[in-house]
J.: 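Can you keep this structure in mind? I'll have questions shortly.
We count ligands from 1, going down the list as the structure has it; atoms in each ligand are counted the same way.
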Amino acid sequence: MTINIKLYIKMLLTAFLILFISGCKQADTKSQYTIGFSQCVGSDLWRQTMLDEMKMELSLHPGAKFIYADAEGNSAKQVEQVKQMLDKGIDLLIISPNEAQPLTGIVEQTYNKGIPVIVIDRKTSSASYTAYVGADNYQIGKMAGEYMGTLLKGKGNILEVMGLPGSSPAIERENGFNDGIKKYSGIHIVSKVYGDWLKENAKKQLNQIQPELQNINAVFAHNDVMAAASRDVLNAQQIKQPVKIIGVDALPGNGGGIQMVSSKLIDASLVYPTGGKDAIMTAFRILNKEPFSKENILQSVVIDSTNVQLMKLQWSKINSQQRDIERQQSLLEEQRQVYNSQQIVLNIIVITLVLAIVFGGLAFYSLMENRKINKSLEAKNVEILTQRNQLIEMSVKAQAATEAKFNFFTNISHEFRTPLTLILSPVEDMMRNEKLNIVAGKSLKLMHKNVFRLLRLVNQLIDYRKIEYDKQQISTSPNNIIAFLNDILGSFQHTAQKRNISLNVTSKEDNIVVWYDVNMLDKVFFNLISNSLKFTKNNGYITITVTKSTDVITIAITDNGIGMEPHEVEHVFEQFYQADNGSSKGSGLGLSLSKEIILLHQGSIEASSKKMAGNNLYY
Ligand code: FRU
């Protein structure tokens, strides 16, 4: 059951982790595309406007990655930058090629790799691209030509300031312009220079053709910055005749073509949309596999004194709308962030709630289990208590039975003692009588011995009882233990000699004074030595060794009697225990009584023995 629950929790946790992660992910955008944008030159206003438009549109796709590189008007550098983008791994390339020919190879390569390519503004020399975004430069050139025809009323000399040679808008605008002025037979292009799209370059080139400037009536510059450069040079050269100037781009805002027209710096400009927004929109259509057009031609219009104010108004309106959009976008971003964090908090709350329910359930389950266990433990406790009470009752009964047994023995012993004493003294009298001694000496000795033995047993029983129940007090006095032991051994010497058993007390000192109860220790040693004698065979020995250390006296009784088994040694000091010593069985009280007496003297007694190797008793 426990394993199942653990598994369940594990599964739940994994599920919620997935839920949590996916919840967090959901807050992210759907697209994770990387778009590379290779810009031929990034410094001028027109290109900056293009980039801003792109960024604005990209902000609607927050998950997309945008890599931007500016080739600074260097075609070789642009090829390298595209290669680097390909190495990094892009999903789509947007490129405005600096020059058509040098960039064709890398664009084809990219396209052939299966990476979609959007060519913007300028073109390559090949059709290997996915989509084109930009105005039709030929049409712009043509429109400029036609406009120039009406502006000059069909008559005049024109100077053409062209873009970078080899760049497609320069080529196309030139061609378009030629075609546009064709129908005006009075209009002639008297001079052409390449300004490379740059103001300073244009100025430099124009300054080199000063004499030609003297008889021109109009300038067609391929863009507004070169148109402004033309006006500057004409002013600087103090050209007398009025010269009409037409540019291309018509950018709104400060420094843009619309402002130039409005301030009459130039006479007209043709709108050349950057296409930044359209390029990004087309890119996402391609990436999301949505339908898209390969050629996305942006419209153009001539801006001159007739419509420039309207354009300015429109532009400022668009501009303020743009700012509104930007503000709303930043608000949207803030909201998105708030939503994301709220989503995370919500997920955490849900997970916590579910976990709380699960753990609550588990806690409830274990509470129930605990209650069950407690109940069964209580039942067991009651059972144990009953058993304990029964045991106590039984032991009380057993104690009472032992008590009764002891009382019986003690009472009997008391009853026996008087008649035994009464038997003993006539027997001793009879033993002293010589006549009777001759006739029944042996029998009298036997009688005396056994009566004496009986009397000793009876006394032991009474003594034991006194120690056990009456907690007999000992009365100690200082005595020489060596002399005391020799004295006791003296009583056994006669019997020992008869059986050729040596009985000795050995000690380093002759006089060792110890405090003890003479009567009690007398009984102990008398009992122990008579025990030893009983189990020691003829020609054996019993040695009492007394050793003294700082505060302990050790008395060891060693014999070479028949010995005991280890389990017998273990119980030798227990009441009524009788070792299996063949025929010689004792009462089983002597050693137990001896132990009690030694304990009363704050001593200890132990025995060691090996079968057939005698006994050692230490006190
Ligand atoms: C900007 C620009 C524009 C022009 C276009 C042609 O770099 O020179 O003024 O219309 O590039 O590609």
Side-chain angles (χ1 to χ4, degrees), residues 37-54 68-75 77-78 94-103 107 118-125 132-144 160-177 193-203 205 219-230 245-261 265-266 268-276 278-279 296-303:
F37 174 38
S38 167
Q39 181 65 290
C40 52
V41 58
S43 52
D44 62 76
L45 186 64
W46 191 84
R47 301 279 162 188
Q48 278 161 19
T49 311
M50 183 195 272
L51 191 62
D52 288 347
E53 275 183 25
M54 284 185 173
Y68 173 69
D70 174 5
E72 294 167 327
N74 182 332
S75 301
K77 188 174 178 181
Q78 193 170 20
I94 301 175
I95 185 165
S96 180
N98 188 45
E99 292 165 285
Q101 201 56 47
L103 269 303
V107 170
I118 297 176
V119 178
I120 186 167
D121 153 49
R122 300 184 192 176
K123 289 179 181 168
T124 61
S125 316
Y132 170 75
V133 175
D136 183 337
N137 281 298
Y138 172 81
Q139 279 305 326
I140 286 180
K142 200 173 173 198
M143 267 169 74
E160 190 173 354
V161 184
M162 298 180 293
L164 182 74
S167 67
S168 67
I171 300 164
E172 287 166 4
R173 286 176 196 178
E174 186 189 7
N175 292 339
F177 190 70
V193 289
Y194 282 108
D196 303 340
W197 307 114
L198 305 169
K199 192 171 185 175
E200 290 314 311
N201 277 14
K203 272 189 183 175
Q205 295 302 320
V219 176
F220 171 49
H222 282 192
N223 69 8
D224 291 335
V225 287
M226 293 190 297
S230 307
I245 299 179
I246 301 176
V248 179
D249 282 347
L251 277 177
N254 262 354
I258 291 180
Q259 202 185 51
M260 290 179 196
V261 175
L265 185 73
I266 60 174
S269 176
L270 285 94
V271 173
Y272 184 57
T274 67
D278 303 79
N296 301 276
I297 308 302
L298 307 173
Q299 291 310 305
S300 182
V301 64
V302 179
I303 308 292

J.: If you measure from CD1 on I245 to CG on L265, what distance do you get to the nearest 0.5 Å?
T.: 7.0 Å
J.: Report yes if some N/O of W197 lies less than 3.5 Å from some N/O of ligand 1; otherwise report no.
T.: no
J.: Let me see the working for N137 and Y272 under side chain to side chain donor-acceptor pair (under 3.5 Å), right down to the final yes or no.
T.: CA-CA 9 Å; N137 281 298; Y272 184 57; 3.2 Å; yes
J.: State the CG-CD1 distance between L164 and I171, to the nearest 0.5 angstrom.
T.: 9.0 Å
J.: Output the list of atoms in ligand 1 that are nearer than 4.0 Å to some heavy atom of R47, sorted by atom number.
T.: 1 (C), 2 (C), 5 (C), 6 (C), 7 (O), 11 (O), 12 (O)
J.: Assign the ring pair F220 / F177 to parallel, tilted or perpendicular, where the plane angle (0 to 90°) is split at 30° and 60°.
T.: parallel
J.: Would you say D249 contacts ligand 1, with heavy atoms under 4.0 Å as the rule?
T.: yes
J.: Do any heavy atoms of R173 fall under 4.0 Å from ligand 1?
T.: yes
J.: Tell me the closest heavy-atom pair linking S125 and Q101, and the distance in Å.
T.: OG-OE1, 2.9 Å
J.: With a cut-off of 4.0 Å, which atoms of ligand 1 are near a heavy atom of D44?
T.: 1 (C), 7 (O)
J.: Can you pull out the closest protein heavy atom to atom 6 (C) of ligand 1? Residue, atom name and distance to 0.1 Å, please.
T.: D121 OD1, 3.5 Å
J.: Between K142 and D136, does any side-chain N to carboxylate O distance fall below 4.0 Å?
T.: no
J.: Which heavy atom of the protein is the closest neighbour of atom 8 (O) of ligand 1, given with residue, atom name and distance?
T.: N223 ND2, 3.2 Å
J.: Out of curiosity, is G163 lining ligand 1, as in a heavy atom under 4.0 Å away?
T.: no
